[in-house]
Amino acid sequence: MATLTEFFDAEAKRYIERLTELVAAPSPDAGEVYRNARGLRGSAQMAREDRVYRSALALEAGARALLQGALAWSSSVTDRVRESVAEIDALVKGTGNEDPELDTLTARSVQGWENVGVAVPDAAGGGAANTSARDAVQEFRAFAAAEVEGITEALDLGIQALSDNCMDREALKSILRRQRALLGAARLDEIPVVAELLRAVEDLSRVIAKLDVGVKREWLDIYRVAREGLKATIDPLRSNEDPESNHSLARLRHMRAELIERYGSGEAVSTAGGPEQGLVQAQPVADDEVVDIAELQYSGSAALGRAAELRAELERATAGSAEARPIIDEIFDLIELARG
């Protein structure tokens, strides 16, 4: 079995190769740069390669700013993207080396993005774990904000794809894969608004999978309302605040209740969330009536099925470790990123 270091070396090499291909183009694809920078950052975080983590985080922040329009392409920005990839490549090759020049290179890589107007997040995730409960809450909210932002982007793309082709199952898979890491987080219920919105999206997807029909216009509206509700939680989470219930969430509760009533009183709909969060409690269903969400996500892949089994075993084996859960979450998030 490969060691964590060997795993990181292989993953980092793959991400660097792809990033190098992307930045060789006259106009790099900001979305692809973002996705690969995020994957590399996650791999470095898991392996505790702090220098690579901080530099990849800066590249990720820059690519996000380009995607959102907060930063415009220019010759200097294009040069910064290319320089950033070269710097990260050097840091990956220097893994295990205590040369102080590598620390200098890391600082220069981060500063380079700040020089073009990108606010690089604090690299709290790459260093020692915080011991304060307050810091832990803040760290999880920051993680949730980043994940929710990515989920809303996936919903944007999925809604467009499903508008063009109502039977596009790959669009559904993409939405579900993107929200998997946050939906599986042990602390998700500490942010009830986000938890309810994500579970409603999963519930809708279960109904679509069970009925095996095209996505109706009113179902697309549910995805749209969930997207707007999620977007409204990003700023409060970034400000380390608990998002309040919003108008989109109130609409979503009503739409979800109608969906369950019309299409089978909750068959194949998850019961997570419960009435205390304003959801309609789903009725028990027989095992052979439920469409396993994993089937929709993974197309019956035996390898990923086994990975899911191993995750449960890992979580049981490390139940007493406060540091283990985020590492396990990151591993399985990386699996999803690798599937692309």
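The existence of a salt bridge linking R38 and E147 is confirmed by a sub-4.0 Å separation between a basic side-chain nitrogen and an acidic carboxylate oxygen. Classification of E87 and R80 as a salt-bridged pair holds, one side-chain N sitting under 4.0 Å from a carboxylate O. Using a 4.0 Å cut-off between a side-chain N of Lys or Arg and a carboxylate O of Asp or Glu, R18 and E32 qualify as a salt bridge. A salt bridge links R199 with D189: the distance from a Lys NZ or Arg NE/NH1/NH2 to an Asp or Glu carboxylate oxygen falls below 4.0 Å. Salt bridge K13/D9: absent, no basic N to carboxylate O contact under 4.0 Å.
In this structure the side chain of E49 never reaches within 4.5 angstrom of the side chain of R51, judged on heavy atoms. At least one side-chain heavy atom of E196 sits less than 4.5 Å from a side-chain heavy atom of L249. For the pair T104/T106, no side-chain contact is recorded, criterion being any heavy-atom separation below 4.5 Å from C-beta on. Looking only at side-chain heavy atoms (C-beta outward), L237 and F143 stay at 4.5 Å or farther from each other. Between E218 and E258, the closest side-chain pair of non-hydrogen atoms is not below 4.5 Å. No side-chain heavy atom of Q160 sits under 4.5 Å from any side-chain heavy atom of L157. Within the 4.5 Å cutoff, the side chain of L57 has no heavy atoms near those of the V110 side chain. The side-chain heavy atoms of S75 and T78, taken from C-beta on, include no pair separated by under 4.5 Å.
One side chain, W113 or S84, offers a donor N or O that lies under 3.5 Å from an acceptor on the other.
A distance of 11.5 Å separates CG of D103 from CZ of R108, quoted to the nearest 0.5 Å. Taking CZ from R141 and OG from S239, the interatomic distance works out to 10.5 Å, rounded to the nearest 0.5 Å. Here S55 contributes atom OG and D89 contributes atom CG; the two are 11.5 Å apart, rounded to the nearest 0.5 Å. Put simply, CZ on R217 and OG on S163 are 9.5 Å apart, with the number rounded to the nearest 0.5 Å. Summarising the geometry, atom OG belonging to S27 is positioned 12.0 Å from atom CG belonging to L22; distances are rounded to the nearest 0.5 Å. For the atom pair CZ of R177 and CG of L172, the computed distance is 10.5 Å after rounding to the nearest 0.5 Å.
T95 contributes a side-chain N or O that, together with a main-chain N or O of V92, makes up a donor-acceptor pair within less than 3.5 Å. Judged purely by atom type and a 3.5 angstrom limit, T20 uses its side chain to pair as donor or acceptor with the backbone of I16. Within the 3.5 Å criterion, the main-chain N or O of Y53 finds no donor-acceptor partner in the side chain of R41.
Between A37 and L19, the shortest heavy-atom distance links the atoms N-CD2, 4.3 Å. Closest non-hydrogen pair, D168 versus A161, comes out as OD2-CB, 3.7 Å. Smallest separation of non-hydrogen atoms from A171 and L162: CB-CG, 3.9 Å. Between V33 and A63 the shortest heavy-atom distance is CG1-CB, 3.9 Å. Between L105 and A90 the shortest heavy-atom distance is CD2-CB, 3.8 Å. The heavy-atom pair separating A200 from L252 by the smallest distance is CB-CD2, 3.5 Å.
The hydrophobic cluster containing W73 also contains L59, counting ILVMFWY residues as joined when their side-chain heavy atoms lie under 4.5 angstrom apart, directly or transitively. Linking ILVMFWY residues whenever their side-chain heavy atoms come closer than 4.5 Å, directly or via other members, places V201 and L188 in the same cluster. Under the 4.5 Å side-chain contact rule for hydrophobic residues, L204 and V193 share a cluster. The hydrophobic cluster containing L71 also contains V120, counting ILVMFWY residues as joined when their side-chain heavy atoms lie under 4.5 angstrom apart, directly or transitively. Hydrophobic clustering (ILVMFWY, side-chain heavy atoms < 4.5 Å, transitive): M255 and V194 are in one cluster.
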Are R253 and S245 close enough, and set up right, to give a side-chain contact (heavy atoms from CB on, under 4.5 Å), and what steps lead you there?
CA-CA 11 Å; R253 287 170 177 162; S245 182; 4.2 Å; yes
Set out, in order, the CA-CA distance, both residues' side-chain angles and the distance that settles side-chain contact (heavy atoms from CB on, under 4.5 Å) for I151 and I175, then state yes or no.
CA-CA 7 Å; I151 293 165; I175 292 169; 5.8 Å; no
Step by step, work out the side-chain contact (heavy atoms from CB on, under 4.5 Å) result for V52 and Y15.
CA-CA 12 Å; V52 177; Y15 285 122; over 6 Å; no
Does S76 form a side-chain contact (heavy atoms from CB on, under 4.5 Å) with D79? I'd like the steps, not just the answer.
CA-CA 5 Å; S76 61; D79 288 344; 5.5 Å; no
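In this structure, E17 has no side chain to side chain donor-acceptor pair (under 3.5 Å) partners at least two apart in sequence or on a different chain.
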Donor-acceptor contacts, no H, no angles, side chain residues 222-235, under 3.5 Å, sequence neighbours left out:
| unit_1 | atom_1 | unit_2 | atom_2 | d |
| --- | --- | --- | --- | --- |
| Y223 | OH | S205 | OG | 2.9 |
| R224 | NH1 | D221 | OD1 | 3.0 |
| R227 | NH1 | D156 | OD1 | 3.0 |
| T233 | OG1 | L230 | O | 2.7 |

